[in-house]
2 protein chains.
Amino acid sequence: MISIPEAQDIVLSHTRPLGAVTVGLAGALGRVLAEEVRAPDSLPPFPASIKDGYAVVAADGVGEFPVVGESRAGHLDQLPVAPGSVAYITTGAPVPPGADAVVQVEDTEKLPDGEGSQRRVRICKAAKAGQDIRPVGSDITEGDTVLQAGERVGVAEMGILATVGAVSLKVHATPRVAVLSTGDEVVDPSTAPLGPGQIRDANRAMLLAAAAKAGAEVVDMGVARDTEGHLEGCLAAAIEQRVDVLITSGGVSMGDRDLIKPLLAREGTIHFGRVRMKPGKPLTFATLTLPQQGGRQMLVFGLPGNPVSSFVCFHLVVLPALRKMGGWAEPQLRRVAARLAVDIKLDPERPEYHRCTLQWGPPPLGSTPPPPHEASAHGAAGLGSMELWAVSTGNQISSRLLSARSANALLEIPCASGVIKAGSLVSALLIDDLGGMPVPPGGVPVTPGF
Amino acid sequence: MISIPEAQDIVLSHTRPLGAVTVGLAGALGRVLAEEVRAPDSLPPFPASIKDGYAVVAADGVGEFPVVGESRAGHLDQLPVAPGSVAYITTGAPVPPGADAVVQVEDTEKLPDGEGSQRRVRICKAAKAGQDIRPVGSDITEGDTVLQAGERVGVAEMGILATVGAVSLKVHATPRVAVLSTGDEVVDPSTAPLGPGQIRDANRAMLLAAAAKAGAEVVDMGVARDTEGHLEGCLAAAIEQRVDVLITSGGVSMGDRDLIKPLLAREGTIHFGRVRMKPGKPLTFATLTLPQQGGRQMLVFGLPGNPVSSFVCFHLVVLPALRKMGGWAEPQLRRVAARLAVDIKLDPERPEYHRCTLQWGPPPLGSTPPPPHEASAHGAAGLGSMELWAVSTGNQISSRLLSARSANALLEIPCASGVIKAGSLVSALLIDDLGGMPVPPGGVPVTPGF
């Protein structure tokens, strides 16, 4: 049996980033750039006002001035501003030639029109040269690389791409992933009432959702019966669908109808078939080389049938592979340290990936930890007394999918006897966005003075 | 001017969760349940084997036994097991009547067939009654509430829903959101080269992506010119589209063509139009009551035109509103504490939402903090010396969207003079998934002994 880090290394060594495809800007969110993006022009492209107010000659100082023109964003009817005069200007508008500062409207006073309906204004506060003007290229200089190859496009990056006119982009393709359940006892979730010996298929809906959430294009392959012929047919269908990855669940254990491993051994290469982990021991990984499809490679993950095992194995080994295919430079799960809210009993045979819900704050309600070191030093209410706490999801038996409910992390619990005490620091792998984590009753304090 | 917490309270007090809609299981990911989900039957529905092996009578202990039948998952040809005999059984299969324990195949030995081709096996390890059997209902009991109203459906919850046959679900509707840019200088991102005085529209692509990422259905309303008539037409079009929320950017400042506030004051009620924050001061929030549409309410957020201001304002006030509409019980941004990697200059006039990239690990490269308290106590490499660090995105001017690049949090920086020193703890609001945060060069250590 190998360890999970070894299994992860093997999987990633057989995984390559997919090639580049071209997408429009609207399709770029969440994708990874396959080439750098450069700015074709400077931003701002002209000296731009930061405020609504008056473009002035700074050396003129305070006083009453004729308003000789106006510069509005998007309009070009501006006059040059000579010493002793000013121009009205709006936020983002080009500063007229001759002016070298902007005085915000709050620091001015409108005066009655002068001779010949000449508009006039009082400048109440002297400006420094350059005040409230963004020089050409101060935000982005023409030719700058604004985003690197390998960067993921988030919300801000969508704005950056739009601002430099990158409306057609080379990004990594996203993997195409098929999900197949196996087992004669496994029936569609819509089955009601259940027949004798039947259970509903939890894994397929879950794994399809997990792959889709990871950005993959998913193909639902249904449920395979426990016969060699049916399994072979399902594998052939997945190949026909030209998927990059096939995820199966069930059929990898020690039973005489556990036919996945023999099938994969016949059709490809099994790289591992047992992993020292709890849950998930029978986890299997194989690659198939497909001469009928130009020799391309397909990855197959044989996940255990127990739903929690397949949930945990997906996150530990399949998700990093999907991320790497999609172009992530650092595809592994992110590790943090968290303080245990309750004692956890250790397993003497295998290291355990204990499902938990991380939350930031004081010790959670119902926890039994000793006060952490820093809490006493900083007082109960301070930022320094707040920590990342790991709240167990309860009974961790691998059939009990409720142990994954609301879980946003997997704790790395050593293989040993005894218990690991509440209040201990343990490492945790993030499997869901902490943006939805539980909020402690009193909230988390803000920066002092904010 | 009001504060951001006041603004957030006002917005949420005018926001109601949307009504329930029915979706199929495949459409449930990311939605919030509008009613609880109960299990119609127990799981397992029968006493189920945890292992591949033999169903035995525990009192029989070790010895050689005839194999009188087999119980395979999904097959019902099982015989009762009498004392002195065993049955072959696969993982997840029903334990035959009479048997009260399972001995895993690893603890047995196949024997040559006996008289009349009777299959025989040696049980090498005595079983305790109940061993490796999941009793009926041990994972889920019939009638249990497996998910509560208000819970968000993640990957694990998809599996839980499938397992209890919840293939049709009542979930909160997701908001319909229109995004409108404004400004005569603002042109489509595809414009190249730019004409004099023009800039590309960064906000629309960014805000559409932000709303879509939050689960909203989005409507692109284009760019409004700076005339009352055109703006009125765009507002009417948004109403016609029956959106729940209209997000505009630009046109809320102090200029004479800043027409959004006067328009909203005529057509609805402005609840606030200036907020004490940096960036984002001109942030405006209004509600419109629409008699022509049964008196329904539409929310309008008038965001500032500077792209960073609109990015920050979206996350601080629009996102919580969208979450509340979608059914989130705790829609506010999650707050954590982070240690500053570098000094930050304070602004004496407004509290600042400083964009940063959070990462977990030792002090980041290039940071200048004093070693934190716990590091010295636990040594450089331990879990206890790792923390959440806030790395600034650099120059924070509100026109520089690169200051939002890779940002996953907004630091709450107090309004004061001087600097806040590297190594200080500050509060940070999460705006992106930490599952993609930077990885420190040496990684983060694991639980000792793992």
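Below, chain A is the first sequence line, B the second, and so on; all start at residue 1. In this text the structure is predicted, and so the values were computed from the model without any measurement.
Contact of A:R355 with chain B is not made at all, since no heavy-atom distance falls under 4.5 Å. Interface residue A:I140: only side-chain heavy atoms are found under 4.5 Å from chain B. For A:A205, the parts lying under 4.5 angstrom from a heavy atom of chain B are both the backbone and the side chain. Residue contact with chain A, scored on non-hydrogen atoms closer than 4.5 Å, involves the backbone and the side chain of B:A210 alike. Contacts between A:I397 and chain B at a heavy-atom distance below 4.5 Å involve the side chain alone, from C-beta outward.
Side-chain contact between A:L388 and B:W360 is present, with at least one heavy-atom pair separated by less than 4.5 Å. Side chains of B:V426 and A:F450 form no contact here, defined as non-hydrogen atoms less than 4.5 Å apart. No side-chain heavy atom of A:L402 sits under 4.5 Å from any side-chain heavy atom of B:D139.
A side-chain donor-acceptor contact under 3.5 Å links B:Y88 to the backbone of A:D256. One N or O on the side chain of B:S427 and one on the backbone of A:T447 form a donor-acceptor pair closer than 3.5 Å.
The greatest number of non-hydrogen atom pairs below 4.5 Å with chain B, out of A:M254, A:E151, A:M158, A:E106, is found for A:M254. Looking only at heavy-atom pairs under 4.5 Å with chain B, the residue among A:R204, A:R134, A:Q198, A:K213 that has the most is A:R134. Among the candidates A:I420, A:I160, A:I89, the residue making the largest number of heavy-atom pairs closer than 4.5 Å to chain B is A:I160.
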